[in-house]
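Atoms within each ligand, like the ligands themselves, are counted from 1 in listed order.
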Amino acid sequence: MNANQDSSPDHDVIIIGAGVCGIYQLHRLLELDVDVTVLEAGDGPGGTWYWNRYPGCRFDSESYSYGYSFSKELLDEWDWSEHFAGQPETLRYLEHVVDRFDLEGHMQFGCKVDRCTWDEPSLTWTIDLHDGRSLTCRFLMTAIGLLSAPTMPSFEGMDTFEGLSFHTYFAPQEPVDYDGKRVAVIGTGATGVQVIAELADKVGELEVFQRRPNWCAPLHNSKITPDDMAEIRDGYDEIFARCAKTPGGFLHGPDRRILAEVPVEDRHQFWEELYNSPGFGIWLGNFRDVLMDEEANAEFSEFVANKIRERIDDPALAEKMIPTDHGFGVQRVPMETHYYEAYNRDNVHLVDLNETPLERVTPKGILTSGPGSETTEHEFDIIIYATGFDAITGAFDRIDFVGADGMKLSDKWADSPVTYLGVQIHGFPNLFTLAGPTAGSNSTNFPRGIEAGVDWATELVKHIAANGITRVEAKAEPEAQWTRHVKDLYGMLLLRKAKSWFTGYNSNVDGHDRTRYLIYNGGAPKYRELLADESEAGYPNFEMS
Ligand code: NA7
């Protein structure tokens with residue numbers, strides 16, 4: 001790599017994004033002495049954890065399974081305060097990592113990337129920034145996140161609202177005074193559920209605008225004492241070894257017993273234990289066939305429905321909170337702390353958008369219609385849009401990637417993303433999509449997935465440098481095969497039926513009202529094996545010159 005010679009590009013490598021993935025990739029490349037810079041839209045590092053400052057934002061992964069595993073010193077010096085840490089603590093952690101490894105000097109903040117264009121004669125990428133600057137590099141790496149393209153609904157009058165309104169991703173950085181305020185939350189996904197549970201006892205009135213309920217389960221968060229932390233620290237090897245074995249890179253892996261072969265009483269006892277245990281066990285540590293077999297799924301869904309009925313005082317309201325269009329775990333399970341109990345409070349009300357549709361936003365609040373020809377104006381001081389993301393491909397679509405022969409990535413991916421192993425795209429040489437669509441890190445505990453992906457990309461960079469390679473491009477046929485494989489894997493799981501971001505569904509984005517194949521469902525261990533096979537065989541599915 002020779003970025004310092006005359007007529008060389010500005011950098012050997014540019015990484016877009018200074019979140020969990022970009023931070024680690026930067027660290028690995030600096031170890032190799034590569035000339036690299038990170039372009040980050042935010043005013044600081046942290047990505048997801050920099051932006052999402054909404055009330056109640058926290059991990060659903062055990063904190064100690066989410067931290068980086070690559071440095072023993074880092075593991076030794078960082079104490080987590082809760083089993084599922086809140087956003088401020090996670091952001092502090094990532095800032096600490098950046099300081100600890102002296103990374104900030106290689107990051108440029110406030111850099112929104114508008115366009116990336118491949119230039120074949122010079123074998124470089126040109127990156128055009130929103131502020132008018134352009135930078136060039138040989139190799140471009142995207143670390144632009146999975147859920148980093150927030151989407152707003154398009155209700156009439158949204159811009160006329162006179163109070164404070166924001167998408168959860170853009171929650172104000174300065175503290176918001178919720179005391180006594182009339183607050184609306186639109187959306188009941190994992191984010192809305194956290195916001196609602198957190199704000200219920202802190203606001204004057206809270207109205208929740210729900211289109212479809214989700215199956216939620218208790219998080220059972222608790223503090224970590226110094227003794228707990230010492231024990232966790234001693235167990236780090238075991239924690240990461242366990243995460244490495246599970247399909248999702250979490251501490252929780254599926255129970256492979258066949259549900260029908262387990263006596264009913266034992267099933268229920270197991271489910272009670274899961275319901276009363278912390279974290280994603282109830283989803284990812286459940287019988288495997290709960291997520292694959294309709295009947296098993298229906299039985300478990302009824303178990304959870306009864307829990308919801310027990311927790312909500314008003315039986316009619318409880319029924320509105322029980323999903324009827326999909327079973328448990330088919331969509332992302334929101335983890336909650338007293339979420340259902342929030343609806344037993346006098347100041348919390350559900351507005352079921354199926355009965356009383358949202359007509360428009362007014363200067364004072366939200367107008368709903370029905371039943372019949374009635375309309376009701378709900379007045380608010382604050383409207384919070386917890387309306388989700390244009391997941392996984394959205395961040396790519398918001399940058400104009402132009403590859404070889406002027407091919408636009410948004411055109412190539414118009415139906416569904418097409419990649420090889422989720423790391424590269426035919427027609428887009430020297431572009432590496434770290435944690436990109438169809439990569440194995442998308443459906444996992446993110447840091448576990450990205451550590452594997454970044455380590456693999458780093459080995460590739462070493463190979464490129466050692467062999468004087470200037471152009472790397474995934475071949476067309478392996479790409480087509482991988483894309484078919486990713487699609488086929490959806491067939492095994494009930495999540496193929498989900499109207500959620502797992503299947504690329506988003507009612508607020510044109511053309512995203514149908515299934516797209518965004519995530520690799522073959523499990524993290526298998527994905528790592530496939531990456532290793534590719535590199536050990538000398539990258540046979542890439543053209544390198
Ligand atoms: P989600 O899970 O996509 O949830 C978005 C929510 O917003 C969901 O309840 C939607 O209802 C609702 N929504 C979206 N648009 C509208 C409109 N136009 N009208 C009414 N309701 C609407 O996003 P989250 O931010 O909660 O979670 C994303 C991930 O972040 C999560 O999985 C974690 O990994 C972290 P719908 O269900 O589509 O009927």
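Remark: ligand 1 and Thr188 share an N or O pair separated by less than 3.5 Å (distance only, no angle test). Considering backbone and side-chain atoms together, Tyr505 places no N or O closer than 3.5 Å to any N or O of ligand 1. Not one N or O of Leu353 is nearer than 3.5 Å to an N or O of ligand 1, by distance alone.
Residues Tyr93 and Trp80 bring their aromatic ring centres within 6.0 Å. Taking the six-membered ring wherever Trp is involved, the centroid distance between the rings of Tyr385 and Phe166 does not fall below 6.0 Å. For an aromatic pair to be called close, the ring centres must be under 6.0 Å apart, and His349 with Tyr343 fails this.
No side-chain heavy atom of Asn214 sits less than 4.5 Å from a side-chain heavy atom of Val333. Side-chain atoms of Glu377 and Thr362, non-hydrogen and from C-beta on, do get closer than 4.5 Å to each other.
Residue nearest to atom 34 (O) of ligand 1, selected from Lys499, Arg332, Met335, His167: Arg332 (by heavy-atom distance). Closest heavy-atom approach to atom 29 (C) of ligand 1 within the set Leu147, Thr48, Asn506: this belongs to Leu147. Of the options Ala190, Ala386, Ser500, the smallest heavy-atom separation from atom 6 (C) of ligand 1 is shown by Ala386.
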Show, in sequence, the C-alpha distance, side-chain angles and deciding distance for Thr368 and Glu359, and conclude whether the side-chain hydrogen bond (donor to acceptor under 3.5 Å, both in side chains) test is met. CA-CA 5 Å; Thr368 54; Glu359 287 298 315; over 6 Å; no
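Atom 10 (C) of ligand 1 has Arg211 NH2, 4.2 Å as its closest protein atom, hydrogens excluded (heavy atom only). Given atom 23 (O) of ligand 1, the protein heavy atom at minimum distance is Gly388 CA, 3.2 Å. Protein heavy atom closest to atom 25 (O) of ligand 1, with residue, atom name and distance, is Thr191 OG1, 2.6 Å. Summary of contacts: the protein heavy atom closest to atom 2 (O) of ligand 1 is Gly189 CA, 3.7 Å. At the shortest separation from atom 18 (N) of ligand 1 among protein heavy atoms lies Asn508 OD1, 3.2 Å. Remark: minimum distance from atom 12 (C) of ligand 1 to any protein heavy atom is reached at Gly187 CA, 3.7 Å. Scanning the protein heavy atoms around atom 37 (O) of ligand 1, the nearest turns out to be Arg212 NH2, 3.1 Å. Of the protein's non-hydrogen atoms, Trp501 NE1, 2.8 Å is the one closest to atom 32 (O) of ligand 1.
A tilted orientation is assigned to the rings of Phe303 and Trp271, their planes being inclined by 30° to 60°. Classification of the Phe59-Trp49 ring pair by plane angle, with boundaries at 30° and 60°, yields perpendicular. Classification of the Tyr68-Tyr24 ring pair by plane angle, with boundaries at 30° and 60°, yields tilted.
Exactly one residue among Lys364, Lys181, Arg182 makes a side-chain hydrogen bond (donor to acceptor under 3.5 Å, both in side chains) with Asp381. That residue is Arg182.
With ligand atoms numbered from 1 in the order given, ligand 1 contributes 18 (N) to contacts under 4.0 Å with heavy atoms of Pro153.
Ligand 1 lies within reach of Phe155, whose nearest heavy atom is under 4.0 Å from it.
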